S.K.: 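This is the structure, below, for whatever I ask next.
Just so you know, ligand 1 is whichever comes first in the structure, and atom 1 is the first atom listed for that ligand. A quick note: this is a predicted structure, and the numbers were derived from the prediction, not measured. The basis for the numbers below is simple: all heavy atoms, side chains too, and nothing from hydrogens, waters or symmetry mates.
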Amino acid sequence: MKRRQARNTKMQAVALTALLFSLATVVLAEDGYRLWLRYEPLPSGARPTIAAIVAAGDSPTAKAVRDELVAGCSGLLGRTIAVAERVEQDGTIVVGTPKSSPLIAGLKLPLTTLGNEGFVIRSAKLNGRSVIAIAANTEVGALYGAFHFLRLLQAQQPIFPLNISQKPRLQLRMLNHWDNLDGSIERGYAGRSLWNWSELPDKVDPRLRDYARANASLGINATALNNVNANAKSLNAEYLRKTAAIAAVFRPYGMRVFLSARFSAPMELGGLKTADPLNAEVAAWWKQKADEIYALIPDFGGFLVKANSEGQPGPRTYNRDHVDGANMLAAAVAPHNGIVIWRAFVYDMKDGYDRAAAAYDNLQPFDGKFAANVLLQVKNGPIDFQPREPFHPLFGGMPKTQLMPELQITQEYLGFSNHLAFLAPMWREFLDADTFAKGKGSTVTKIADGSLYNQKLTGIAGVANTGSDRNWNGHHFAQANWYAFGRLAWNPDLSSKQLADEWVRATFTNDPKAVRTLTRLLLESHEAVVDYMTPLGLHHIMWAGHHYGPAPWWDKERRDDWNPTYYHRADEKGLGFDRTKTGSNSVSQYFPAVRDRFADLRTCPENLLVWFHHVPWDHRLKSGRIFWDELALHYQRGVDWVRTARKDWDALSGVIDAGRHEAVARKLAIQERDAAHWRDACLLYFQTFSKRPLPSGVEKPQKTLDEYKAKSLSW
Ligand code: BDP
C-alpha cells in the first residue's frame, strides 16, 4: 500500500514536471509570468547532484513545499527529480519539521532560536548518505527554506557543503494593495486588480496561488487587499466571504490578509449616527465586526487605516485624536491577536505651513500613547514617495511608539511602469540613514527591526506594483522592485548589488556578461531617474493629479501644497524650499547632528540641497561649477544614461529571449523620450528665473516652454 502511494507520488511528480516543461516552452514562452521562479535549466556544467526529495507531511503547506522543490529542482537540473520515501542516494534533499519528519527530528538541528519562520539548511549524513536537510519549526519555515535553497541553485551558488541558518528580521513583511472594489488600482500601472471581486468567492482565479508563491519565495507574509482610500463595503458580509476565499488560497503560503478599514464604516454599514471612537455604540460595532471577520478568517491580520488624510474620515472628524481612533480599533481586534496599522501620512494644511513637517507635528506628540497592538506606518520620506527624499524625521522621533516603514513599490512618481528604475538603492539609502536618535549608528534599519528601542512588534510595508498584466508589473524590470522589497523585508541588510545579481540570474540569465551589464543597469537606474526628474533635492514637480511627467510651473491646485511651485519656490535669486531657521525650520525635527548637517548649505548633501535650502543660482558646488550649471548637467546626465542603457540593452539581443527583449526595448524608448522631455521642460522653465544660458554639454530643448506647458507627457 505504502509503496503504491510512493509510486503514485512519483508518477505525479513526473507528470507535474513534464507539464511544467511543456508550459514553459510552449504556452508561457518568456512572457514574464513566471517572475524569478522560472527554474530554467542551469548550464550543464553548473548542475549539482540532486537525487531525490524526501518531504514529510500532508498539509497544504507541506504539499506546497514538495511541489516547489520538485518543480524547481527538476527545472533547474533539466531532468525529473522525484519524491522518494526514504534516503537511498547521495544528494537527497530531506525537508520538514521535527514534528512531521522523524528524519529531521533525528538530525537534532539547532532550531530553537529560529522562531516560527526561520529555517536551517545543512549538509548532513543520513543512512550513510550525504543529504541536504531543510528544516524548520513550522512548515512555513520549511517553505521559506525550500525557496532559499532554490534561490541558491538559481544563482549558481555552491550547495555542498551548506550550513545556513536564517530567520526574518522583521515580523510583518507586507504588501499594501491600493486596489478598489471596481477592479481599478489607485497608482497601479500593470492592469487591473488581481482580486476578481465579482467572481469571488465561488470562483477563485488560480493566479492567486502564483501570487502567493511569489510572495512566499521572498518571505512576504501579509497583504492588505484594498485601497487605503477605503470603501466601507469591503467590510460587509458579502465582501468578507470573498476575502475569506482569498485568505484560504494564501494561508498555505504563510500569508495573512489585512483589510483597509474606512473609519466611518459604522455609519455607512451599521447605520449609526456617528463614528466617534469614544462613542460606546461605535466601539461595540467594531468589536462585533472584528468577531464576524475572525469567525470567517481565523488568522486575519487586522486593519490598515488612513484617517484624517486627504479627505478621509477619522477621529479628528469627531474632535478626537489619532490615539483615540487607533486604540479603539486596536481593542476590537486585540482579543483575536489582531493588529491595527495606523498611517502617519497626515498633512493638514494651514497658511504658511511646511508639508514636510506635518506628519511629525501631527503624530509625534502622541509618542507612547498607542496600544500594544498598534503599529504606526510611516512613509520613508516626509513628503510622498519622491524619487529622492531625506528620511522621515518620525524615525527616531518616537522612541515609545512601534513604527513601521511604508515604501512604495509602484512607481507613482518614478515614471509608472514605463521607466526602468531599480528601487533597492533608494531603499538602502533610507534604511542606512543615520537618525542619530541614540548617537551615531542609530540607523533606520535598527528602528525598523526593533533593536534600537526594543520594539516588540515590527514590520515594513510596500505599496504593491502588481496587476493583471501577464508579467504582473507592467515593466519586466519592475518585477525587480517587488523582489527587492520582499528580500529587504526579510533581511534589511542585503546589498543592492546582491539583490540585483540574484534577480537577474533567476529572471533573465546566468550568462556572465549579461549578468554584469544587467546588474550595472539596475544599480545605476535610480540615480539616472533622479537626474532627469528631480536632481539636487527637487521634489513634487510632477504634473498634478497623475504625477507623470513634469509641470514645475503648475500653481492652480486647490491646496497650495499640491502645487509644484509650492515645493521649488524658484525666483530670480535661486531655487529651493528653505527649511532652515530662515525658512520653515522643519529641519529642526531631526536630531541635532543630522539637523546641523542638513541646515548648513556647506555640509548639506548636494543631492538634497534644494530640499532644505533656497540655493542661489550662482552658488558654487563641490564640482567647482555654479548651481545652475550643475542642475542643467544633471538633467543632461540622466538623458545620456538612458541613451547608453538602450545601447547596452540592444547589445543583449539574442542573449535575452526575444519576447522580453522587445518589450523592454519599447519601454526604454519611451523612457528616453520622457527623460528628454523632463530635461527640456524643467530647464526652460527654471531658466525664466535663473536667466542664464545652458552650460556646454547640455542639448538645446526640442520644443518651447509654452508647448511643454500646453500638454502633459502621455504614458
Ligand atoms: C499619495 C498618492 C495617493 C494616495 C496617498 C496615500 O498620490 O493616491 O492615496 O499617497 O498614501 O502618494 O494615502
S.K.: Within 45 degrees of the axis of the six-membered ring of Trp611 and under 6.0 Å from its centre: does Arg579 put its NZ or CZ there?
M.R.: yes
S.K.: Assert yes or no for the condition that the ring centre distance of Phe598 to Tyr590 is strictly below 6.0 Å.
M.R.: yes
S.K.: Verify whether the ring centers belonging to His540 and His547 lie closer than 6.0 Å.
M.R.: yes
S.K.: With respect to Arg187, determine whether any N or O atom, backbone or side chain, lies less than 3.5 Å from an N or O atom of ligand 1.
M.R.: yes
S.K.: By number and element, which atoms of ligand 1 are closer than 4.0 Å to a non-hydrogen atom of Lys306?
M.R.: 4 (C), 5 (C), 6 (C), 9 (O), 13 (O)
S.K.: Considering only heavy atoms of Phe345, which atoms of ligand 1 have at least one such atom less than 4.0 Å away?
M.R.: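 Checking each atom against Phe345, I get 5 (C), 6 (C), 10 (O), 11 (O), 13 (O).
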S.K.: Tell me, which protein residue and heavy-atom name are nearest atom 8 (O) of ligand 1, and how many Å apart are they?
M.R.: Glu186 OE2, 2.3 Å
S.K.: Under 3.5 Å between any N/O of Ser309 and any N/O of ligand 1: does that happen in this structure?
M.R.: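 No, since none of the N or O atoms of Ser309 sits under 3.5 Å from an N or O of ligand 1.
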S.K.: So, is Glu406 polar-close to ligand 1, with some N/O to N/O distance under 3.5 Å?
M.R.: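 The answer is no, given that Glu406 and ligand 1 share no N or O pair closer than 3.5 Å.
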S.K.: Under 4.0 Å from a heavy atom of Asp384: give me the atoms of ligand 1 that qualify, with their elements.
M.R.: 1 (C), 10 (O), 12 (O)
S.K.: Please name the residue in the list Tyr532, Trp715, Phe477 that meets the side-chain contact (heavy atoms from CB on, under 4.5 Å) test with His419.
M.R.: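 That would be Tyr532.
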S.K.: Which is it for Tyr566 and Arg355 under the side chain to side chain donor-acceptor pair (under 3.5 Å) test, yes or no, and what are the steps along the way?
M.R.: CA-CA 10 Å; Tyr566 167 91; Arg355 175 169 163 188; over 6 Å; no
S.K.: Output the distance between atom NE2 (His613) and atom SG (Cys604), rounded to the nearest 0.5 Å.
M.R.: 4.0 Å
S.K.: Go through the steps to decide whether Leu225 and Thr243 satisfy the test side-chain contact (heavy atoms from CB on, under 4.5 Å), and finish with yes or no.
M.R.: CA-CA 8 Å; Leu225 299 181; Thr243 294; 3.8 Å; yes
S.K.: Nearest heavy atom to atom 10 (O) of ligand 1: which of Glu412, His547, Lys379 does it belong to?
M.R.: Lys379
S.K.: Closer than 4.0 angstrom: is that true for some heavy atom of Gln312 and an atom of ligand 1?
M.R.: no
S.K.: Side chain or backbone of Asn229 under 4.0 Å from ligand 1, or both, or neither, by non-hydrogen atoms?
M.R.: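 The side chain, only.
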